[in-house]
Amino acid sequence: MLELIRAWYTRHFSDPQATVMALIILMLLALVWLVGSILAPVLVALVAAYLLEGVVIVMSRRKIPRVFAAAIVLLVFVIFVLFLLFGLLPLLSRQVTQLVIELPRMLGEGQQLLMLLPERYPQLFTEAQVREVVISLRAQAVDSGQSLVSLSLANVVNLLAFAVYAVLVPLMVFFLLKDKYIIQSWLSRYTPASTELSRQVWKEVDIKIGNYIRGKFIEVLIVGGASYLVFVFMGLNYALLMAFLVGMSVIIPFVGAVAVTVPVALIGFFQWGLTPVFGYLLLAYLIIQVLDGNVLVPV
């Protein structure tokens, strides 16, 4: 056993540069784990800077000074975020409230449908089993409602923290974009001299992270926008809320799409029942997911 460990260590850490890179990674992970909550604004600013860096680079190549490019891009981004907060968020909140109000009616209809199962399929379902399922669903609905209320109260409590973040994050994003190369040069002074491997890995990771964040952001916009247009065209209730969930689901591949399928299908079922329109809704949703997974994601 000791020989295996010694051989593994010699194979992976005989190179001092590999050891330095491993130590840097461990230090970064420990830093995030220990003070991640305190560094939350910094992490948000880093993600936003990665998202906007590509546009700043394009503008810089067109002979626009980096400071002006960073200011213009940040201004457009702030306007977009304000639109989301004061234009989209109230609509989403209103639809969530309407959905919570409609939940008792949906549960009642679902209970009636479930109670028909013992009559139609007595060999598969008993009335006691169906009642247990109904009680469980009602309990989960109550818990979900309480969670929404507690979440709203938590948001009120965290309003001051949000106001602080609203000031800090844009400032940090601006300086991260404007002084990117200065910050990188400053950080390089505090790294060991023999870190060529770490520098090479960092350059590749830096490019990949930036491309991934920008790609996911574009994917969320396209999938969410396409879903909203389809849902509005078909007249689906809570179209904006469902499209928002579909758009955000692409952040978690496969699992997100499966999880969002349930509310979309339930809303369509309680609105139209087992009708051709409900089938068209599921078909349209399936086409969006297939195009996203097989066309948009590879691109």
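Computed from a prediction, not measured in an experiment: that's the story for all the values here. Below, all heavy atoms of this structure are taken into account, side chains as well, without hydrogens, waters or symmetry copies.
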Undergrad: For Tyr50, is there any backbone N or O sitting under 3.5 Å from a side-chain donor or acceptor partner on Arg214?
TA: yes
Undergrad: Which residues pass the side chain to side chain contact (heavy atoms under 4.5 Å, CB included) test with Val44, not counting sequence neighbours?
TA: Val169
Undergrad: side-chain hydrogen bond (donor to acceptor under 3.5 Å, both in side chains): which pairs involve residues 69-81, sequence neighbours left out?
TA: none
Undergrad: List the atom pairs, with distances to 0.1 Å, where a side-chain N or O of residues 280-299 and a protein N or O form a donor-acceptor pair under 3.5 Å, not counting sequence neighbours.
TA:
residue, atom, partner, partner atom, Å
Tyr285, OH, Ala257, O, 3.0
Tyr285, OH, Thr261, OG1, 3.2
Tyr285, OH, Gln289, NE2, 3.3
Asn294, ND2, Val290, O, 2.9

Undergrad: Please confirm whether the backbone N or O of Gly235 pairs with a side-chain atom of Gln271, one donor and one acceptor, at under 3.5 Å?
TA: yes
Undergrad: Going from CG on Leu91 to CZ on Phe244, what distance comes out if it is rounded to the nearest 0.5 angstrom?
TA: 12.0 Å
Undergrad: Restricting to non-hydrogen atoms, name the atom on Val67 and the atom on Phe174 that form the minimum distance, rounded to 0.1 Å.
TA: O-CE1, 3.9 Å
Undergrad: Give me the atom names and distance for the closest heavy-atom approach of Ala265 to Phe278.
TA: O-CE1, 3.2 Å
Undergrad: Who passes side chain to side chain contact (heavy atoms under 4.5 Å, CB included) against Leu82, sequence neighbours left out?
TA: Val78, Phe86
Undergrad: Any idea which heavy atoms bring Ile267 and Asn237 closest together, and the distance?
TA: CG2-O, 3.5 Å
Undergrad: Kindly state each residue pair satisfying side-chain hydrogen bond (donor to acceptor under 3.5 Å, both in side chains) with at least one member in residues 75-97, sequence neighbours excluded.
TA: none
Undergrad: Using distance only, find each side-chain donor-acceptor pair of residues 215-234 under 3.5 Å and give its atom names and separation, not counting sequence neighbours.
TA:
residue, atom, partner, partner atom, Å
Lys216, NZ, Glu219, OE1, 3.2
Lys216, NZ, Val250, O, 2.7
Ser227, OG, Val223, O, 2.8

Undergrad: Give the minimum heavy-atom separation between Ala70 and Leu177, together with the two atoms involved.
TA: CB-CB, 3.8 Å
Undergrad: Distance from Leu52 atom CG to Ile72 atom CD1, nearest 0.5 Å?
TA: 13.0 Å
Undergrad: Please list all pairs passing the side-chain hydrogen bond (donor to acceptor under 3.5 Å, both in side chains) test where one or both residues lie in residues 166-180, with sequence neighbours left out.
TA: Glu53-Lys180
Undergrad: Would you please name every residue forming a side chain to side chain contact (heavy atoms under 4.5 Å, CB included) with Leu84, sequence neighbours left out?
TA: Phe80, Leu88
Undergrad: Sequence neighbours left out, what passes side chain to side chain donor-acceptor pair (under 3.5 Å) with Glu102? Give chain and number order.
TA: Arg105
Undergrad: Hydrophobic cluster mates of Ile79, side-chain heavy atoms under 4.5 angstrom, ILVMFWY only, any path?
TA: Leu75
Undergrad: Write out all pairs satisfying side-chain hydrogen bond (donor to acceptor under 3.5 Å, both in side chains) with one or both partners inside residues 71-81, taking only residues at least two apart or from two chains.
TA: none
Undergrad: Taking all non-hydrogen atoms of both residues, which atom of Val173 and which atom of Ala48 are closest, and how far apart?
TA: CG2-CB, 3.7 Å
Undergrad: For a side chain to side chain contact (heavy atoms under 4.5 Å, CB included) check, start with the C-alpha distance between Trp272 and Leu236, then their side-chain angles and the critical distance, and finish with the verdict.
TA: CA-CA 9 Å; Trp272 295 307; Leu236 179 68; 3.9 Å; yes
Undergrad: May I have the list of side-chain donor-acceptor pairs in residues 54-62 shorter than 3.5 Å, sequence neighbours left out?
TA:
residue, atom, partner, partner atom, Å
Ser60, OG, Val56, O, 2.8

